[in-house]
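What you see is a predicted model, and the numbers here were worked out from it, not measured in a lab.
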Amino acid sequence: MKLSATKLEFDDGHLASQLFGPQNQHLKLLGERLGLGIESRGSTVTINAPEGDGPKSGLAAQVLSQLYAMLKKGRNVQPQDVDFACRILERTPSADVDEIFKGDVYATSGKRTVSPKTVNQRTYLDAIRESDLTFGIGPAGTGKTYLAVAMAVGAMVRREVKRIVLTRPAVEAGEKLGFLPGDLAEKINPYLRPLYDALHDMLDFTKVQDYQETGVIEVAPLAFMRGRTLNDSFIILDEAQNTTPEQMKMFLTRLGFGSKAVVTGDVTQIDLPSQARSGLLHARSILEGTDGIRFVAFDENDVIRHPLVGRIVKAYDRHEAGGN
C-alpha cells in the first residue's frame with residue numbers, strides 16, 4: 001500500500017510540544033480517530049495516509065493548525081479538544097474552532113472551566129445569554145443540563161440572580177412518591193441526583209449544602225412549583241419530555257421579574273403513559289417563533305464522551321451488525 005505524506009512545521013517548539021501532548025498523546029488520538037499515521041520530529045509533524053485519503057490528511061492538518069493557533073492565543077489544549085475539533089471540522093470545514101470554544105461559562109471548584117465544545121453548544125449558550133426562556137432539545141450526553149447549570153451558577157456568582165431553582169418531573173413515581181422508603185428528601189433524591197451531580201461539579205460540596213440550607217439553591221420535583229412566582233431566579237426544568245402539557249404550562253407561568261428559565265429534554269425518551277402527550281412537544285408546537293423564546297436542537301454529533309467510550313460503542317455496533 002502506497003502512502004502519501006503531509007508535513008507541518010510549527011515555529012514555536014514549546015507550543016508545538018503542548019500541541020503534540022505528553023508522549024505525543026494528542027497526535028496518537030488524532031491518528032487513531034482518522035486512521036492515519038502521525039509522527040513528530042522536533043517541531044515538525046508528518047501525516048502519513050494511504051493514497052486516496054487526502055481529505056483525512058487535510059482534516060488532520062486543519063485540526064492541528066487551528067489548535068496551534070489557540071495555543072498561541074494563550075488557551076490550553078486538552079486531549080478531548082482534539083476530538084471535539086475533529087468533529088467540528090468534519091461537519092463544518094470552514095468553522096473557527098477557537099471561536100466555538102470561546103465563552104467559558106464558569107470556573108468549577110476544580111479550577112477548570114466549562115466551555116462549549118460543539119457548534120450547537122455554543123448556539124445554546126448564546127441563546128441562554130440572550131433570551132429569558134430557552135429550550136434545549138436533544139439526546140442524552142449533549143450537555144444540555146450541565147451547561148444550563150453552569151450558566152445558572154455563573155449568573156448567581158455574578159449576582160445577576162438571587163437564587164437557582166432546579167426541577168424535574170418524578171414520572172416513575174407518579175409524583176406521589178409515597179410508596180418509596182424514607183422521609184421526603186430520601187424519596188425525591190433519586191429523581192434529582194443528576195442535577196446534584198452537575199451542581200457538585202461546579203461548586204464545593206459544602207457550599208452546595210450551605211446554599212440549599214439558606215434557600216439560595218433549591219432542587220425539587222416539578223410538582224413543588226405549583227402556585228409559586230419565581231422572581232430574580234435562574235430556573236431549570238430537566239427531563240421536560242416527561243411533563244404533561246398542563247405541567248409545562250404551570251412551569252412556564254412561574255417565571256417572574258428578573259428571572260431566566262431553561263427547559264431541557266429528549267423527545268426520543270418519553271416515559272409518560274402511552275395516551276399522555278408530552279408537554280415539551282406541545283410547547284414546541286405552540287411557542288416556536290415567539291419573541292423572547294429560543295429553541296436549540298442537539299443531535300448525536302453533540303454527544304460528549306470519553307474517546308474510549310466512543311470506541312466501545314463502535315465495537316458493540318460492529319459486533320451487533322455481525323449478528324454474533
Side-chain angles (χ1 to χ4, degrees), residues 80-81 83-105 114-152 154-155 166-169 171 194-195 198 222 234-245 247-249 251-252 255 260-272 276-305 309-310 313 317:
Q80 61 266 31
D81 293 333
D83 183 58
F84 298 145
C86 200
R87 289 197 215 182
I88 291 167
L89 293 170
E90 275 181 321
R91 297 184 69 190
T92 313
S94 61
D96 184 334
V97 172
D98 185 45
E99 279 299 313
I100 293 168
F101 285 3
K102 274 182 182 175
D104 293 341
V105 178
V114 178
S115 58
K117 296 302 182 184
T118 71
V119 173
N120 286 333
Q121 285 191 353
R122 176 64 187 267
T123 301
Y124 180 56
L125 292 179
D126 288 343
I128 294 173
R129 291 187 181 100
E130 297 163 5
S131 307
D132 287 337
L133 175 59
T134 302
F135 288 79
I137 303 175
T142 50
K144 305 181 301 296
T145 303
Y146 192 85
L147 290 173
V149 172
M151 289 290 283
L166 309 176
T167 185
R168 64 188 333 209
V171 168
L195 298 175
L222 179 59
F234 197 117
I235 315 154
I236 300 172
L237 170 59
D238 191 34
E239 296 288 323
Q241 75 276 5
N242 289 328
T243 63
T244 63
Q247 288 173 321
M248 178 62 77
K249 182 180 178 182
F251 171 80
L252 295 178
L255 196 64
K260 187 181 288 283
V262 178
V263 178
T264 70
D266 177 3
V267 295
T268 67
Q269 298 291 330
I270 297 172
D271 298 318
L272 293 167
R277 186 178 184 186
S278 168
L280 181 57
L281 289 172
H282 183 253
R284 184 171 63 180
S285 69
I286 63 176
L287 294 177
E288 201 159 17
T290 302
D291 287 344
I293 301 176
R294 291 280 300 277
F295 285 81
V296 179
F298 295 87
D299 58 36
E300 64 278 1
N301 293 295
D302 298 302
V303 175
I304 304 300
R305 56 193 173 197
V309 175
V313 170
D317 287 345

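- For the pair Ala127 and Val296, the tightest heavy-atom approach, listed with the atom from each and the gap, is CB-CG2, 3.9 Å.
- Between the OG1 atom of Thr145 and the CG atom of Leu166 there is a distance of 9.5 Å, given to the nearest 0.5 Å.
- Between the CD1 atom in Ile236 and the CD1 atom in Ile128 there is a gap of 7.5 Å [rounded to 0.5 Å].
- For the side-chain hydrogen bond (donor to acceptor under 3.5 Å, both in side chains) test, residues two or more places apart in sequence or in another chain that qualify with Asp98 are Lys73, Arg75.
- Atom CG of Leu280 and atom CG of Leu287 lie 10.5 Å apart (nearest 0.5 Å).
- By the ring-ring contact (aromatic ring centres under 6.0 Å, His included) test, Phe101 is found to be paired with no residue, residues two or more places apart in sequence or in another chain being considered.
- Atoms CD1 and OG1, on Ile100 and Thr92 in that order, are 7.0 Å from each other to the nearest 0.5 Å.
- The pair Lys117-Asp302 does not count as a salt bridge, with every side-chain nitrogen at least 4.0 angstrom from each carboxylate oxygen.
- Under the 4.5 Å side-chain criterion, counting only non-hydrogen atoms from C-beta, Arg91 is not in contact with Thr118.
- Annotation: side chain of Asn120 is not in contact with side chain of Asn301 (no heavy-atom distance under 4.5 Å).
- With hydrogens and angles ignored, the 3.5 Å screen pairs a side-chain donor or acceptor of Ser278 with a backbone N or O of Gln241.
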**Asked** side chain to side chain contact (heavy atoms under 4.5 Å, CB included) between Leu133 and Thr290: does it pass, once the steps are laid out?
**Response** CA-CA 10 Å; Leu133 175 59; Thr290 302; over 6 Å; no
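- Listed for the Asn242 side chain is a donor-acceptor partner under 3.5 Å among the backbone atoms of Asp271.
- Using a 4.5 Å heavy-atom cutoff, the side chains of Thr167 and Phe251 are in contact.
- Checking side-chain atoms of Gln269 against main-chain N and O of Pro139 turns up no donor-acceptor pair under 3.5 Å.
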**Prompt:** Step by step, would you call Met151 with Val262 a side chain to side chain contact (heavy atoms under 4.5 Å, CB included)?
**Reply:** CA-CA 10 Å; Met151 289 290 283; Val262 178; over 6 Å; no
**Prompt:** Yes or no on side chain to side chain contact (heavy atoms under 4.5 Å, CB included) for Arg294 and Glu130, after CA distance, side-chain angles and deciding distance?
**Reply:** CA-CA 9 Å; Arg294 291 280 300 277; Glu130 297 163 5; 3.3 Å; yes
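- No side-chain donor-acceptor contact under 3.5 Å links Lys249 to the backbone of Thr244.
- With Glu239 contributing its side chain and Arg168 its backbone, the two residues share no donor-acceptor pair below 3.5 Å.
- Here the CZ atom belonging to Arg122 is positioned 10.0 Å from the OG atom belonging to Ser115, to the nearest 0.5 angstrom.
- A distance of 8.5 Å separates OG1 in Thr123 from CZ in Phe298, rounded to the nearest 0.5 Å.
- Two residues are said to be in side-chain contact when any heavy atoms from C-beta on lie closer than 4.5 Å; Arg129 and Leu125 meet this criterion.
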